[in-house]
Amino acid sequence: MELAAALPLGELAAAFAALPVFPLFDTAYFIVSVLYLKYEPGAVEMSRKSPFASWLCAMLHCFGSYILADLLLGESPIDYFSNNSSVILATAVWYLIFFCPMNLFYKCVSFLPVKLIFVAMKEVVRVRKIAAGVHHAHHHYHHGWFIMMAIGWVKGSGVALMSNFEQLLRGVWKPETNEILRMSFPTKASLYGTVLFTLQQTHWLPISEANLIFFFTMFMIVCKVFMTATHSHASPFAPVENFICPVFFGSVSSGHSSHHHDHHGASHEVSHPPPPPAKSKEELNEGTRKRKAKKAE
């Protein structure tokens with residue numbers, strides 16, 4: 001009670017919003033981002049065959065949101081790479097995760113209790129990036145609501161939105177994994193978050209930016225830590241989406257698709273009859289002997 005009285009919520013939120021993210025939180029962000037890269041199939045083999053390609057993929061995982069936001073705003077996509085400290089820090093994290101002797105660094109940071117701390121710290125950076133993206137777009141386009149939302153969204157989930165391009169660097173092409181078609185929780189949360197920050201920036205949401213950063217960060221930390229700890233892929237937005245989406249956008253009709261599938265399945269069976277049973281080895285040998293006897297006669 002004394003702590004709560006001495007440190008009101010508003011002051012706590014303001015102090016939290018003013019907390020610097022470099023280098024501690026940025027290091028956690030880079031660690032989790034490169035960990036996700038190492039989890040990709042074939043990423044370890046690629047790092048041995050082509051370290052430069054692996055490094056490029058790691059830089060996309062760490063700075064992809066900045067690159068995509070700069071492209072949308074018509075700025076240089078390599079502008080963020082002038083920040084030597086961040087690039088060197090991300091490179092050091094990539095090297096330790098992929099090439100540390102006996103895989104010691106990877107084993108330490110992927111240990112679940114330690115990883116949960118890094119995941120929580122990464123969400124702090126994500127929310128800051130969303131807020132900064134909306135603020136940056138508002139500076140250029142004061143009344144461009146959709147531009148603010150777009151920049152805030154890609155700042156929060158630009159790595160996922162660029163996943164297909166990053167896959168090409170690894171020699172993989174999976175268009176069905178397009179993040180827009182199947183949004184993960186961080187992408188959806190970034191989209192909803194950027195709407196809130198846009199409303200706050202345009203004074204339609206009566207809350208200070210510091211309070212919004214604090215509360216949305218706490219929400220993201222709780223959700224992401226719980227999902228990581230339980231290895232769950234279920235979105236906390238699913239119950240609300242399952243209730244709202246059928247009302248506004250209709251539900252998927254399973255009858256037509258099943259009928260379509262059954263129709264094609266039946267035609268497939270008719271047009272392509274099952275092949276005759278294969279002959280046994282004894283039958284083949286018998287047939288060969290008969291043909292040789294016929295030739296001899």
- Closest non-hydrogen contact found for Pro236 with Cys223 is CG-SG, 4.0 Å
- Taking all atoms of both residues into account, what is the closest heavy-atom pair of Leu169 and Cys57, and its distance? CB-SG, 3.6 Å
- Note on the structure: Rounding to 0.5 Å, atoms CZ (Phe118) and OG1 (Thr27) come to a distance of 8.5 Å
- Query: side chain to side chain contact (heavy atoms under 4.5 Å, CB included) with Val32: which of His61, Glu123, Lys122, Met121?
  - Reply: Lys122
- Check the angle between the aromatic planes of Phe63 and Tyr80 and answer parallel, tilted or perpendicular using the 30° and 60° thresholds. tilted
- Task: Return yes if some donor-acceptor pair links the side-chain N/O of Ser33 with the main-chain N/O of Phe30 below 3.5 Å, else return no.
- Result: no
- Query: If only atom types and distance count, is the side chain of Trp153 paired as donor or acceptor with the main-chain N or O of Thr187 below 3.5 Å?
  - Reply: yes
- Query: Do the side chains of Met162 and Leu168 join up, straight or via other hydrophobic residues, at under 4.5 Å, putting them in one cluster?
  - Reply: no
- Item | Pairwise distance CH2(Trp145) to CG(Leu199) - rounded to 0.5 angstrom | 5.5 Å
- Message: Using side-chain heavy atoms (C-beta onward) and a distance below 4.5 Å, is Met220 in contact with Phe185?
- Response: yes
- Task: Determine yes or no for a side-chain-to-main-chain donor-acceptor pair under 3.5 angstrom, with Ser50 supplying the side chain and Met46 the backbone.
- Result: no
- Just by distance, with hydrogens left out, do Glu241 and Ser235 show a side-chain donor and acceptor under 3.5 Å apart? no
- Message: Within the 4.5 Å heavy-atom criterion, are Met148 and Thr202 side-chain neighbours or not?
- Response: yes
- Name the orientation class of the two ring planes belonging to Phe219 and Phe237 (parallel below 30°, tilted from 30 to 60°, perpendicular beyond 60°). tilted
- Message: Before we go on, tell me: are the rings of His136 and His140 under 6.0 Å apart, centre to centre?
- Response: yes
- Can you name the closest pair of heavy atoms from Gly42 and Glu45 and give their distance? CA-OE1, 3.2 Å
- Message: With side-chain contact (heavy atoms from CB on, under 4.5 Å) as the criterion, how do Tyr106 and Leu35 come out once you've worked through the C-alpha distance, each side chain's angles and the decisive distance to 0.1 Å?
- Response: CA-CA 8 Å; Tyr106 169 76; Leu35 273 179; 3.5 Å; yes
- Quick one: sort the Trp94 and Phe98 rings into parallel, tilted or perpendicular, breaks at 30° and 60°. tilted
- Task: Could you tell me whether Tyr39 atom OH has more than 12 heavy atoms of other residues or ligands within 6.0 Å of it?
- Result: yes
- Message: Please determine whether the number of non-hydrogen atoms from other residues, nucleotides or ligands lying under 6.0 Å from atom CG of Leu56 exceeds 12.
- Response: yes
- Query: Do the side chains of Ile244 and Met183 join up, straight or via other hydrophobic residues, at under 4.5 Å, putting them in one cluster?
  - Reply: no
- Task: Apply side-chain contact (heavy atoms from CB on, under 4.5 Å) to the pair Arg128 and Tyr29, showing each step before the final yes or no.
- Result: CA-CA 12 Å; Arg128 298 290 187 88; Tyr29 184 90; over 6 Å; no
- Between the side chain of Glu179 and the main-chain N/O of Ser184, is any donor-acceptor distance below 3.5 Å? yes
- Above 12 or not: heavy atoms from other molecules or residues under 6.0 Å from CZ of Arg48? yes
- Would you say Thr194 and Lys155 make side-chain contact, with heavy atoms under 4.5 Å? no
- Task: Using a 4.5 Å cut-off on heavy atoms from C-beta on, say whether the side chain of Thr177 contacts that of Arg182.
- Result: no
- Message: Checking Val159 against Leu60 for the side-chain contact (heavy atoms from CB on, under 4.5 Å) test, could you report, in this order, the C-alpha distance in whole Å, the side-chain angles of both residues, the deciding distance, and whether it holds?
- Response: CA-CA 7 Å; Val159 179; Leu60 281 181; over 6 Å; no
- Using modelled atom types only, decide if a donor and an acceptor are shared between the side chain of Ser65 and the backbone of Gly158 within a distance under 3.5 Å. no
- Message: If you apply the rule side-chain contact (heavy atoms from CB on, under 4.5 Å), what do you find for Trp173 with Asn164, and how did you get there?
- Response: CA-CA 7 Å; Trp173 175 240; Asn164 289 111; 4.2 Å; yes
- Met59-Phe52 co-clustered via ILVMFWY side chain contacts under 4.5 Å: yes
- Item | Distance (rounded to the nearest 0.5 Å) between Asn84 CG and Ser82 OG | 7.0 Å
- Do other residues, nucleotides or ligands put more than 12 heavy atoms under 6.0 Å from the OH atom of Tyr36? yes
- Query: So which heavy atom on Leu116 is nearest to which on Ala229, and how close?
  - Reply: CD2-N, 3.8 Å
- Query: Side-chain contact, heavy-atom cut-off 4.5 Å: Leu73 with Tyr141?
  - Reply: yes
- Taking all atoms of both residues into account, what is the closest heavy-atom pair of Gln200 and Ser208, and its distance? NE2-C, 3.9 Å
- Message: Please give me the minimum heavy-atom distance between Ile207 and Asn211, naming the atom from each residue.
- Response: CG1-CB, 3.7 Å
- Message: Is it true that, when you exclude Tyr95 itself, more than 12 heavy atoms of the residues, nucleotides or ligands shown sit nearer than 6.0 Å to its OH?
- Response: no
- Message: Test of understanding: clusters of I, L, V, M, F, W, Y form through side-chain heavy atoms closer than 4.5 Å, transitively. Do Phe214 and Val222 belong to the same one?
- Response: no
- Spacing of Ser54 atom OG and Lys38 atom NZ [to the nearest 0.5 Å]: 9.5 Å
- Query: Do Ile117 and Phe111 share a hydrophobic cluster (ILVMFWY, side-chain heavy atoms under 4.5 Å, transitive)?
  - Reply: yes
- Task: Kindly compute the distance separating OG (Ser190) from NZ (Lys129), expressed to the nearest 0.5 Å.
- Result: 9.0 Å
- Query: Would a line drawn from the ring center of Phe81 to the ring center of Tyr66 be shorter than 6.0 Å?
  - Reply: no
- Message: Can you tell me how far apart CD1 (Ile130) and OG1 (Thr198) are? Round to the nearest 0.5 Å.
- Response: 10.0 Å
- Any donor-acceptor pair under 3.5 Å linking the side chain of Thr228 with the backbone of Val225? no
